[in-house]
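One structure is given here, and the rest of the page talks about it.
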Amino acid sequence: MAKYIIRGGKTLNGAIKVDGSKNATLPILAASILCNDEVTLTNVPRFRDVFNMLKILNALNVETVFIDEHTLKINAKNAKFQAIKSDLSRHIRSSIFMLGSILSRFKEASIAYPGGCDIGTRPINLHIKGLRELGVDILEKHGQIKCNAEKLHAGTVVLDFPSVGTTENLILASVLTEGTTTIINAAKEPEIEDLINFLNSVGANISGGGTSVIKIDGVSELGGATYKIMPDRIIAGTFLIATAITGGRVELHDVNSEHLSSLISKLRQNSCHIVCLDDIIYISSQGRLKANSQIETQVYPGFPTDLQSQMLVLACVSNGNSVITENLFEMRFKTVPELTKMGAKIVVKGKSAIVEGVNKLYGSDVYATDLRGGVGLVLAGLKAEGYTTVHDIEHIERGYFELEKTLTILGADIKKVE
Ligand code: EPZ
């Protein structure tokens, strides 16, 4: 199993371009199977989850080819239905919103229960409930989800919770369904807006992206387009937090600072200096930070759960005490034992981690168990005294491409060892 070996204590300095968004790419890939003409996606990230999703598309006889490092051509005209085998769907959570797409295209679907990060039970009851309210017959048996959409119709669905994946699935299930479908209490994440912008660019008629009420006027067919994937706000946030922790001056290029308002506000409270200018964010930090007393993860535009693990590390080395509350996923404090090995002082009580900031972390052998927790351990290693080895980094490579190379460009001492 590959690992990172990090010698801590270096500050981060320099400029990098942020990759395209994993969580925008995945639903847009699912949507591409509905297009009659060729789709060209630019700014596509080369993360493991993206390649796993392409395996699912290829299994449906969809042609996909990278014509350069980040430009992907997709042609779904010869797509044909088949059940998505568990060896594929259990790899990534995003296979679940293949359901909406496949139902729109083939009127039937069969997928194994999806996998995903080890951050919680990841139920799909809201997906199932919403699809049934739009007329889909769904049978859940022996870990398989079998659907029939002959009676799929437009309608109004009120979500019990603004679930990102459920919102995406319902949009994909109704984009080619005659009539107007309305989703109330829809998720407002920027990745939903990117999916809607992509669909409208190939001929859909969807409004309300970024709000809690989304209206989909079904159309008879979708064409093709060239579309640029939005920047990955979680990767951008990860590098902002890394710089805050290590100290230094970093410029992030090709980012949308509006997507990071809640994080930027917290980092300014930590005494970081941050300037946002067009698609660049400048951050400088002395490395010893004032603690944020309280951080609560919320749905967008609140503080993102996908940056919680990274901010937990920042809290560990800040001046003062912090309380970090995780409201979205029930198992997103799994790095606590690893950080404790490094000298962190954290007590987990229910949904909250109570952190007493310490002057120093010490290098150690630590083990990644999920994507964002794993990258949090890398940030801890960048700060810690001595050497840190982060094991099981395939979790991290699901959502970060050549992380060690990017950090090395910024001055970190980090090596990847197979
Ligand atoms: C998406 O997951 C992201 N993944 C997650 O990013 C992100 O953390 C999450 O949204 C929240 O922003 C992708 O886009 C591929 P949800 P998703 O449905 O769609 C509960 C990463 O690190 N829920 O909004 O699965 C669920 O348990 C990943 O890139 C139900 O109860 O998130 C959770 O508590 C991790 N029933 C809450 O809603 C359902 O049917 C949020 O889940 C569905 C969800």
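All ligand and atom numbering here is 1-based and tracks the order in the structure. We number each residue from 1, following the sequence as shown. Excluded from the calculations below are hydrogen atoms, water molecules and symmetry mates; all remaining heavy atoms, backbone and side chain alike, are included. Since the model is a prediction, treat every value here as computed from it, not as a measurement.
Across the listed options Ile96, Asn23, Thr25, Asn23 owns the non-hydrogen atom lying nearest to atom 3 (C) of ligand 1. Comparing Arg332, Arg398, His127 by heavy-atom distance to atom 35 (C) of ligand 1, the nearest is Arg332. Among Leu307, Asn327, Val164, the residue whose heavy atom lies closest to atom 16 (P) of ligand 1 is Val164.
Listed by atom number, the atoms of ligand 1 under 4.0 Å from Phe161 heavy atoms are 37 (C), 38 (O), 41 (C). Each of the atoms 22 (O) of ligand 1 lies under 4.0 Å from some heavy atom of Leu371.
With a 4.0 Å heavy-atom cut-off, ligand 1 is reached by the side chain of Ile119 but not by its N, CA, C or O. Contacts of Arg372 with ligand 1, taken as heavy-atom pairs under 4.0 Å, involve the side chain alone. Looking at Lys22 against ligand 1, only its side chain comes within 4.0 Å, counting heavy atoms. Residue contacts with ligand 1, taken as heavy atom pairs separated by less than 4.0 Å, involve Asp306 solely via side-chain atoms from C-beta onward. Residue contacts with ligand 1, taken as heavy atom pairs separated by less than 4.0 Å, do not involve Gln298 at all. By the criterion of a heavy-atom distance under 4.0 Å, the side chain of Phe329, and not its backbone, is placed next to ligand 1. The backbone and the side chain of Leu126 each have at least one atom closer than 4.0 Å to an atom of ligand 1 (non-hydrogen atoms only). Contacts between Asn125 and ligand 1 below 4.0 angstrom, taking non-hydrogen atoms only, involve backbone and side chain alike.
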If you look only at distance, which donor and acceptor atoms sit under 3.5 Å apart when one is on a side chain in residues 336-345 and the other is two or more places apart or in another chain?
{"unit_1": "Glu338", "atom_1": "OE1", "unit_2": "Lys341", "atom_2": "NZ", "d": "3.1"}
{"unit_1": "Glu338", "atom_1": "OE1", "unit_2": "Tyr367", "atom_2": "N", "d": "2.8"}
{"unit_1": "Thr340", "atom_1": "OG1", "unit_2": "Val336", "atom_2": "O", "d": "2.7"}
{"unit_1": "Lys341", "atom_1": "NZ", "unit_2": "Asp365", "atom_2": "O", "d": "2.8"}

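In terms of polar-atom proximity, defined here as any N/O pair under 3.5 Å, Gly165 does make such a contact with ligand 1. Between Leu26 and ligand 1, no pair of N/O atoms sits closer than 3.5 Å.
Residue contacts with ligand 1 include Pro123, since one or more of its heavy atoms lies under 4.0 Å from the ligand. The closest approach between Glu326 and ligand 1 stays at or above 4.0 Å for every heavy atom of the residue.
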Given side-chain hydrogen bond (donor to acceptor under 3.5 Å, both in side chains), test Asp370 with His395 step by step and report yes or no. CA-CA 5 Å; Asp370 66 80; His395 291 286; over 6 Å; no

Evaluate the criterion ring-ring contact (aromatic ring centres under 6.0 Å, His included) for residue pair Tyr400 and Phe239; output intermediate values, then yes/no. CA-CA 11 Å; Tyr400 294 82; Phe239 282 108; 7.2 Å; no

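Both tests do not hold together for Arg398 against Phe51: distance to the six-membered ring centre under 6.0 Å, angle to the ring axis within 45°.
Residues Val323 and Val355 form no side-chain contact, since every pair of their non-hydrogen atoms from C-beta on lies 4.5 Å or further apart. Two residues are said to be in side-chain contact when any heavy atoms from C-beta on lie closer than 4.5 Å; Lys351 and Glu326 fail this criterion. Side-chain atoms of Leu72 and Thr40, non-hydrogen and from C-beta on, never get closer than 4.5 Å to each other. Using a 4.5 Å cut-off on side-chain heavy atoms (C-beta onward), Ile33 and Met98 make contact. The shortest distance between side-chain heavy atoms of Phe401 and Thr406 does not fall below 4.5 Å.
Side-chain contact annotation: Thr388 with Ser364, donor-acceptor N/O pair under 3.5 Å absent.
For the pairing with Leu172, the side chain to side chain contact (heavy atoms under 4.5 Å, CB included) check across Ile102, Thr167, Leu199 returns one residue only, Leu199.
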